[in-house]
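To find a chain, count down the sequence lines: A is the first, B the second, and so on, and within it residues start at 1. These figures come from a predicted structure and were not determined experimentally.
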Amino acid sequence: MDIVKPRTLSGFMELLPEKQLQFDAIADTLREVYKSYGFYPLDTPILEASEILLAKGCGDTELHIYRFTKGDTDLSMRFDLTVPLAKYVALNYGALTFPFRRFQIGKVYRGERAQRGRFREFYQADIDIIGDGELSVINEAEIPAIIYRTFAELGLTRFVIRINNRKLLSGFFDMLGCDIAASDIMRVIDKLDKIGLEKVMEELASLGMGDEGRRLVGGFISQTGSPAQILESLKEYAGRSELFDKGYEELQTVVKYVFAFGVPETNFAIDLTIARGLDYYTGTVYETIMTDHPEIGSICSGGRYDNLAEYYTSKKLPGVGISIGLTRLFFILDDMNYISGEGSPANVDVLVLPMTDDISASIEFSQMLREQGVKTQIYYENKKFKAKIGYADKVSAPYAAIIGEDELAEGKVTVKDMKAGTQQTVPCEEAVGIISQALAARTPHKIIEVKREEV
RNA sequence: GUGGGUAUAGCUCAGUUGGUUAGAGCAUCGGAUUGUGGUUCCGGGGGUCGAGGGUUCGAAUCCCUUUACCCACCCCA
């Protein structure tokens, strides 16, 4: 029989068991934090009718969408979790309570060419707050607070949540009075970090922007410093554009409450060059980068939108939300060696090794352990003892429980501490006590260990 | 979609100006040690050299085609 060479598609992440445990631990942490802020879990299908996902008809996403037909149905794979949310909220409008807070962790698909830190199938971990008709601007301040809480809970310190305001930016572009599309200008200034001010100016010139325009843009995006400093220097643009002034006011409010929510200044900044995904954002926008790996790009982006579900309902549903690129985050952390292998949570606490043909006693003992919350596996294979104990070693089980002829005769079990190499033969009840107590005394495992010295 | 790179054992990679039967480390399996693992020692299995064509007495090596993957751009989590 011909053997098909096994392979995994480019841009698709597939992990070995140990890594998968770590990935799941991170996802679990996100879930817990999201729940602690009152978000409801949501799951939606990976496949949707193409007309749903393509409702917006935005040319670029259309190119990158996985789309196919099965029989007569035109199907597409979701490329984010926001569009499915919009459909869901429009569909279930009557049954939901607003503001509706939902989180969703799921895979999304993009038919782009894969590269470092960039996947074709990846997890997004989204939270969104949807209002009915109106939604307080304070929600826009809570979002960075949740991002901060999430990353802090993971044990991360070296990241920066950067925010900007779309009204502020649009208002400023209005002041320029040039007819270059705002999205084109944004795309250029967004590269400031990467290519520098000089190159940005060159690109603006090639867009056809005049000297005066470039001088203004250059001055605008060169405003840096603490949020307070930037807010101060932005004042000089006030009074010339209603939109700008509105954006300024929002930004001021958001900054005020972000600090009130307890986000440290080291992890938070106003960045006037952020322009991502601005086509549907209408207020605050967010982007989070790892301080040591800015080149990978944002691992958490989002913003305020005024009309989430305009393609699916006439109801006005403003919202604010963000998406953590979980796959990318995991990729970076693993790449930086931040995910601690040492003291990883063992998938099996006790491996029970029956040494006799009849394993009834082992089954009974295992049930006793599981009832105490001890993760227990029985080794059934008819191998030599060496192979059995070797398996316990391979799966990093902290304990092996040996039940052979001698133990059986006395109603006992031999408990071996795999790390210490010591063992004792005691009655089953006592063994359960010894093991569960020892496991309970373990120091809680930290998923992420930031080994690098903070600069 | 554009540009560059790579492809040899399960994995990471050597392989000289083209020259016997293509190697190493790790992994795996067996033995030393039949109820004691991680260390050590010994041994075994595992390759149509990405695919197809060409040049040559002879190709992993040179040429052409093709596919896949990687890196970057675009765009984005």
Side-chain angles (χ1 to χ4, degrees), chain A residues 2-3 5-13 16 30 58-65 78-82 104-127 147 183-184 186-188 190-191 194-195 203 274-279 286-290 293 295-303 321-332 351 353-356 379 382-408 413-425:
Chain A
D2 281 349
I3 288 179
K5 194 177 167 67
R7 67 193 178 100
T8 302
L9 258 24
S10 161
F12 286 68
M13 180 184 266
L16 286 169
L30 301 197
C58 181
D60 233 27
T61 49
E62 201 167 341
L63 277 176
H64 292 158
I65 207 161
R78 64 188 183 197
F79 57 89
D80 71 7
L81 299 177
T82 307
Q104 181 168 9
I105 298 178
K107 282 176 172 175
V108 301
Y109 297 83
R110 295 191 189 171
E112 306 164 298
R113 193 157 297 186
Q115 59 183 268
R116 184 178 151 77
R118 203 249 200 111
F119 299 85
R120 297 199 289 188
E121 178 192 68
F122 59 97
Y123 276 94
Q124 287 196 329
D126 281 31
I127 50 174
I147 300 171
S183 60
D184 286 339
M186 288 180 210
R187 199 174 308 119
V188 175
D190 188 45
K191 294 187 203 168
K194 222 169 187 174
I195 63 177
E203 290 200 22
I274 293 177
R276 287 166 186 267
L278 273 179
D279 48 337
Y286 316 93
E287 166 180 305
T288 305
I289 56 148
M290 305 300 293
H293 281 268
E295 82 285 354
I296 298 285
S298 174
I299 49 164
C300 171
S301 304
I322 50 101
S323 177
I324 293 180
L326 189 49
T327 303
R328 176 178 284 179
L329 175 65
F330 182 82
F331 172 82
I332 301 170
L351 187 73
L353 305 179
M355 303 301 294
T356 54
Y379 190 89
N382 185 24
K383 292 266 178 74
K384 289 179 183 170
F385 187 76
K386 191 175 152 161
K388 293 181 179 178
I389 200 84
Y391 185 89
D393 185 45
K394 283 282 166 57
V395 298
S396 310
Y399 292 96
I402 302 149
I403 302 180
E405 299 286 359
D406 299 347
E407 287 87 353
L408 221 48
V413 56
T414 297
V415 176
K416 178 173 175 114
D417 181 325
M418 292 298 289
K419 201 169 177 189
T422 57
Q423 65 186 52
Q424 50 188 321
T425 305

Heavy atoms under 4.0 Å, any strand shown: does Ile296(A) hit a base, just sugar-phosphate, or nothing? nothing

Please report the distance separating the C1' of rU55(B) from the corresponding atom of rC69(B), rounded so that it comes out in whole Å. 29 Å

Say you pick atom P in rG15(B) and the same atom in rG35(B); how far apart are they, in whole Å? 47 Å

Tell me what Lys107(A) touches on the nucleic acid: a base, only sugar-phosphate, or nothing, going by heavy atoms under 4.0 Å. nothing

Do Asp417(A) and Thr422(A) meet the criterion of a side-chain donor-acceptor pair at a distance under 3.5 Å? no

Give Lys383(A) one of three labels, base, sugar-phosphate or nothing, depending on what nucleic acid heavy atoms sit under 4.0 Å from its own. nothing

Using the P atom in both, what is the distance from rA14(B) to rU34(B), to the nearest Å? 41 Å

Given rC73(B), rC69(B), rC76(B), identify the nucleotide with an atom nearest to the side chain of Gln115(A). rC73(B)

For a quick check of understanding: with a heavy-atom distance under 4.0 Å over all strands, which category does Glu407(A) fall into, base, sugar-phosphate or nothing? base

What does Lys388(A) touch in the nucleic acid at a heavy-atom separation under 4.0 angstrom: a base, only the sugar-phosphate, or nothing? nothing

Output for pair (Arg110(A) CZ, Asp80(A) CG), nearest 0.5 Å, gives 6.5 Å

Proximal nucleotide (of rC69(B), rG30(B), rG1(B)) relative to the Arg113(A) side chain: rG1(B)

Verify the stacking flag for Phe119(A) against rA77(B): centroid separation must be under 5.5 angstrom and the ring planes must differ by under 30 degrees. no

Using a heavy-atom cut-off of under 4.0 Å over every strand shown, decide if Arg328(A) touches base, sugar-phosphate, or nothing. base

Looking for any heavy atom pair under 4.0 Å, which part of the strands does Arg7(A) touch: base, sugar-phosphate only, or nothing? sugar-phosphate

Which of the following nucleotides, rG3(B), rG37(B), rA77(B), is nearest to the side chain of Gln124(A)? rA77(B)

OP1 or OP2 of rC73(B) versus the side-chain N and O atoms of Lys191(A): is any pair under 4.0 Å? no

Name the nucleic acid region contacted by Glu295(A), choosing base, sugar-phosphate or nothing; use a 4.0 angstrom heavy-atom cut-off, strictly under. nothing

Integer angstrom distance from the C1' of rU66(B) to that of rU17(B): 29 Å

When you compare rU61(B) with rU8(B), how far apart are their C1' atoms, in angstrom units rounded to a whole number? 11 Å

From C-beta outward on Asp393(A), which listed nucleotide comes closest to its side chain: rG38(B), rU28(B), rA77(B)? rG38(B)

Distance between the C1' atoms of rC42(B) and rG47(B), in whole angstroms? 25 Å

With distance as the sole criterion, do the side chain of Lys386(A) and the base of rU36(B) form a donor-acceptor contact below 3.5 Å? no

Counting side-chain heavy atoms from CB outward, which of rC70(B), rG35(B), rC71(B) is closest to Met355(A)? rG35(B)

Between Tyr123(A) and Phe330(A), ring centroids under 6.0 Å: no

Just compare rG35(B), rU28(B), rG30(B) and give me whichever is closest to any side-chain atom of Phe385(A). rG35(B)

Pair Glu295(A) + Lys194(A), salt bridge at N-O below 4.0 Å: no

What's the gap between rU16(B) and rC11(B) when it is taken at their P atoms, as a whole Å value? 22 Å

Can you figure out which of rA77(B), rG37(B), rU36(B) approaches the side chain of Met418(A) most closely? rG37(B)

What base-paired stems does RNA chain B take part in, with at least 3 consecutive Watson-Crick or G-U wobble pairs and both distances under 3.5 Å? B:1-7 with B:67-73, B:10-13 with B:23-26, B:28-32 with B:40-44, B:50-54 with B:62-66

Between rA77(B), rG35(B), rC69(B), which one does the side chain of Arg120(A) approach most closely? rC69(B)

